[in-house]
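Counting begins at 1 with the first residue of the sequence. Both ligands and their constituent atoms are indexed starting at 1 by order of listing.
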Amino acid sequence: MEDTGKVFLVGAGPGDPGLMTARALELIATADAVLYDRLIPGAALDGARADAILEYAGKGPSGDSVKQGGIEARMVELAESGKSVVRLKGGDPFVFGRGGEEAATLAERGIPFEIVPGVTAGVAAAAYAGIPVTHRDHAAAVAFITGHEDPTKPETAIDWPALALFPGTLVFYMGVKNLPRISEQLIEAGRRADEPAAVIHQGTTTDQQTVVGRLVDIPELAVEADIQPPALTVIGDVVSERERIAWFEQRPLFGRQIAVTRARAQASKFAAQLRELGANVVQAPAISSRHRSDEAVAAAVEEVETFEFIAFTSANGVEAFFEALERAGKDARALFGATVAVVGGATKDALAAHGIVADHVPQRQTAEGLLDALAGVDVTGKRFLLPLASDPRPVLADGLRDRGAEVHQVAVYDTVVEGLSPEQVAAVADSEFVTFASGSAVHSLMQAIGGPEALRGCALVSIGPTTSDALRAHGLEPTAEAAQSDIDGLLTALLKLA
Ligand code: SAH
């Protein structure tokens with residue numbers, strides 16, 4: 001028989017991927033198998049091994065014991081076949097997570113296991129709503145209670161009179177449906193009808209929604225706001241602190257759906273900035289770039305020392321060019337004699353990462369702007385190398401040739417249209433804002449979503465004049481255009497609209 005594996009009962013936190021523990025991420029990254037629940041953060045499994053077994057093992061809100069038995073049997077089976085198994089649960093595995101039962105089964109079967117606590121929703125959703133569950137002025141204790149039981153049933157395991165007397169904050173999990181009866185029962189047993197109360201839906205995520213009221217009217221307010229599970233209810237004077245310290249929902253882009261159409265490789269930083277501001281980011285990388293390694297690239301790199309000027313019009317071009325240099329056994333020293341011009345800040349930064357400080361950076365971050373920046377430079381008879389995308393706009397090469405330069409263009413990368421899933425297309429169309437950081441991103445998105453119609457309801461934010469023209473070419477007018485043609489400018493334009 002194979003050696004028995006090990007099971008890790010792991011809490012994935014309340015929803016914000018940033019609230020997963022270091023231990024949880026480490027175990028997910030190394031596990032042979034992950035059995036995961038419904039309420040885990042969207043990105044929780046991103047770090048799993050490509051060859052890991054990933055199985056959904058969740059139960060609906062009314063999860064039955066047969067299925068619980070099935071989950072435990074599967075966990076045991078995987079562990080007994082020698083696998084390391086992560087059993088991943090929302091929040092904390094021992095707080096209304098049935099982790100206690102699963103651990104007991106493992107102990108009985110002699111299967112080694114570990115418990116990895118997680119950030120529980122009762123604390124975290126409250127905190128993200130600006131409610132501290134304990135407070136020197138208001139609450140010296142907090143109780144976590146299941147709201148799953150109908151309190152009017154005779155077999156209720158909850159001692160309502162005792163809860164009514166409990167000297168502190170009450171946090172009910174799973175209680176959306178039963179909220180009217182919970183409220184009634186508590187008031188009947190002597191709890192103050194006007195005690196502050198809050199219901200928090202999808203706490204810690206960009207879909208977080210908070211309703212605040214009094215114990216007596218919170219059920220009605222929750223229905224009016226159409227609060228659905230998962231949600232929890234906090235009852236206590238601590239709720240009044242929210243007025244002063246709510247923070248998460250106050251961020252400038254909170255809950256706004258924003259589509260990012262850049263290539264995935266470049267989108268992550270921008271997406272992270274948007275998320276930081278509270279946005280619900282839809283990644284729709286309709287475009288990606290592929291670096292070329294053909295003969296034309298090799299030939300250009302071979303004679304790179306013979307060029308007096310090199311101009312880059314994108315960070316992509318910089319990366320593809322330096323990759324080609326490296327393939328030829330060369331490095332940044334090959335540029336030692338050349339004057340280097342870039343189209344803008346991001347390109348300048350990409351170059352700086354390779355140890356080259358650009359000599360010319362235009363005010364206006366377009367090919368036209370770059371020509372202006374070189375206006376005072378005598379380029380007659382000078383050899384220019386332009387490492388560009390295949391099929392570039394001719395503006396730069398033509399402008400330089402008109403001034404007497406000898407221009408050598410080389411395509412160092414291709415922009416490739418990527419298909420989007422029907423879900424991605426729907427999410428883009430559903431976005432309040434769609435951002436475009438290049439003309440090619442516009443054209444690719446149009447191909448991927450089948451034309452401009454899908455974007456009629458969206459505000460379109462363009463990084464600059466070239467991108468705006470690309471939108472107009474498809475009959476779309478940009479809602480806003482960045483004053484400064486880079487990602488910071490795009491963000492500024494977006495924030496002005498929001
Ligand atoms: N083990 C989990 C709780 C599982 S029970 C934990 O420790 O958090 C499921 C209940 O948790 C839901 O019905 C809801 O009441 C609550 N819950 C889970 N995630 C939540 C979230 N992001 N916001 C609000 N409530 C949440």
Side-chain angles (χ1 to χ4, degrees), residues 8-21 23-24 35-44 57-65 67-68 71 86-103 115-131 133 142-151 157-158 169-183 197-212 218-219 222 225-235 239 242 246 248-249 254-255 278 280:
F8 301 87
L9 295 174
V10 179
D16 179 347
L19 295 181
M20 295 180 70
T21 63
R23 182 72 175 141
L35 299 179
Y36 59 94
D37 266 5
R38 196 166 44 97
L39 292 180
I40 61 165
K59 303 185 296 289
S62 59
D64 55 292
S65 56
K67 245 186 139 191
Q68 179 64 25
I71 293 166
V86 164
R87 171 77 180 103
L88 192 63
K89 293 162 169 292
D92 180 274
F94 277 6
V95 179
F96 306 123
R98 305 191 73 163
E101 292 154 66
E102 292 175 15
I115 314 294
V116 182
V119 177
T120 190
V123 173
Y128 274 49
I131 302 169
V133 289
V142 55
F144 296 136
I145 309 140
T146 170
H148 191 53
E149 286 191 29
D150 182 344
I158 294 172
T169 309
L170 304 178
V171 179
F172 283 91
Y173 288 65
M174 300 171 285
V176 178
K177 210 175 82 230
N178 285 328
L179 197 52
R181 286 173 292 277
I182 290 170
S183 159
V199 178
I200 307 153
H201 164 77
Q202 287 278 17
T204 79
T205 74
T206 52
D207 292 326
Q208 175 172 314
Q209 190 188 351
T210 309
V211 176
V212 178
I218 196 74
D226 193 26
I227 293 282
Q228 300 292 326
L232 48 77
T233 304
V234 184
I235 299 162
V239 171
R242 174 175 156 81
F248 184 66
E249 297 153 16
F254 177 74
N280 177 11

Under the side-chain contact (heavy atoms from CB on, under 4.5 Å) criterion, do F144 and D92 qualify, and how do the steps go? CA-CA 12 Å; F144 296 136; D92 180 274; over 6 Å; no

Before signing off on this row, confirm whether G175 and ligand 1 have an N or O atom pair separated by under 3.5 Å. no

How far is atom 5 (S) of ligand 1 from the closest protein heavy atom, and which atom is that? F96 O, 3.5 Å

Heavy-atom check, side chain of V176 versus side chain of Q228, under 4.5 Å: no

Nearest 0.5 angstrom please: Q209 CD to D226 CG, how far? 7.5 Å

Please determine which of V123, V234, L170, T169 meets the side-chain contact (heavy atoms from CB on, under 4.5 Å) test together with V142. T169

K89 near ligand 1, heavy-atom distance under 4.0 Å? no

Using 0.5 Å steps for rounding, measure from the CZ atom of F8 to the CZ atom of R23. 6.0 Å

Do any heavy atoms of P14 fall under 4.0 Å from ligand 1? yes

Contact region, A231 to ligand 1, non-hydrogen atoms below 4.0 Å, reads backbone

With a 4.0 Å cut-off on heavy atoms, is G90 touching ligand 1? yes

Under 4.0 Å from one or more heavy atoms of G203, ligand 1 contributes atoms 21 (C), 22 (N), 23 (N), 24 (C)

Residues Q68 and E102: side-chain donor-acceptor under 3.5 angstrom: yes

Which ligand 1 atoms does Y173 reach within 4.0 Å, using its non-hydrogen atoms? 3 (C), 6 (C), 8 (O), 11 (O), 15 (O), 16 (C)

Ligand-residue contact atoms, ligand 1 with T120, heavy atoms, under 4.0 Å: 6 (C), 7 (O), 8 (O)

Can you check whether G255's main-chain N or O pairs, donor with acceptor, with N280's side chain at less than 3.5 Å? no

Counting only N and O atoms by type, is there a donor-acceptor contact under 3.5 Å from the side chain of T204 to the main-chain atoms of D16? yes

Proximal atoms of ligand 1 relative to G91 (non-hydrogen, under 4.0 Å): 2 (C), 6 (C), 7 (O), 8 (O)

Which of the ligand 1 atoms, numbered from 1, are nearer than 4.0 Å to a heavy atom of D92: 1 (N), 6 (C), 7 (O)

Calculate, to the nearest 0.5 Å, the distance between atoms CZ and OG1 belonging to F96 and T120 respectively. 8.0 Å

Starting from atom 10 (C) of ligand 1, what is the nearest protein heavy atom, named by residue and atom, and what distance separates them? M174 CG, 3.6 Å

How far does CD1 of I218 sit from CD1 of I235, to the nearest 0.5 angstrom? 8.5 Å

Residue-level breakdown please: for T204 versus ligand 1, do any non-hydrogen atoms fall below 4.0 Å on the side chain, on the backbone, on both, or on neither? neither

Does the Y173 side chain pair with the main chain of G122, one donor and one acceptor, at a distance under 3.5 Å? yes

For ligand 1, find out whether one of its N or O atoms is nearer than 3.5 Å to an N or O atom of A121. yes

Which atoms of ligand 1 sit under 4.0 Å from any heavy atom of I200? 24 (C)

N/O to N/O below 3.5 Å, does that happen between V95 and ligand 1? yes

Counting each atom of ligand 1 from 1 as listed, which ones have a heavy atom of L232 under 4.0 Å away? 15 (O), 24 (C), 25 (N)

